[in-house]
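To start, the structure under review is shown below, and the notes come after it.
Positions are given from 1, in the same order as the sequence printed here.
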Amino acid sequence: LRLGAVENPGHPLGDEFRRVVQGIEQGAPPADALADVSRRLADPDVAEVTLAIATSESRGLPLKDSLRSVATRLRTRRVQWLERASEQAKVHIT
């Protein structure tokens, strides 16, 4: 998270990473700091990513595997959303 904050200064995601790192440095449990991001942004995709990070940390699982799994689910949802939007656009064009 620290690396993400350093590499993305001024970007909203980098700012959120910075806030998480600061919270952890101030003594907040990582899971709580990540849950705060989820609450602030109120986005289901962000919630899924933060949960994957927190779960990986707490269980000692490789983060890349957790994030890869989340990315696959998010891509699938995105494709499904695009397919629905395409079908709706056909109706509007007709």
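- At distances below 3.5 Å, at least one donor-acceptor pair connects side-chain atoms of S56 with backbone N or O atoms of A52.
- Minimum interatomic distance between S38 and A47 (heavy atoms only, all atoms of both residues): OG-CB, 3.2 Å.
- The local environment of CD in E48 is crowded, with over 12 non-hydrogen atoms from other residues, nucleotides or ligands closer than 6.0 Å.
- Rounded to the nearest 0.5 Å, atoms CD (E25) and CD (Q22) are 7.0 Å apart.
- F17 belongs to a hydrophobic cluster whose other members, connected by ILVMFWY side-chain contacts under 4.5 Å either directly or through intermediates, are L1, L13, V20, V21, I24, L34, V37, L41, V46, V49, I53, L63, L67, V70, L74.
- Using a 3.5 Å distance cut-off with no hydrogens or angles, the side chains of S69 and R73 do pair a donor with an acceptor.
- In the displayed structure, R78 atom CZ is contacted under 6.0 Å by at most 12 heavy atoms of other residues, nucleotides or ligands.
- Counting heavy atoms from C-beta on, the side chains of D15 and R19 never come closer than 4.5 Å.
- Heavy-atom contacts from other residues, nucleotides or ligands closer than 6.0 Å to CZ of R2 number 12 or fewer.
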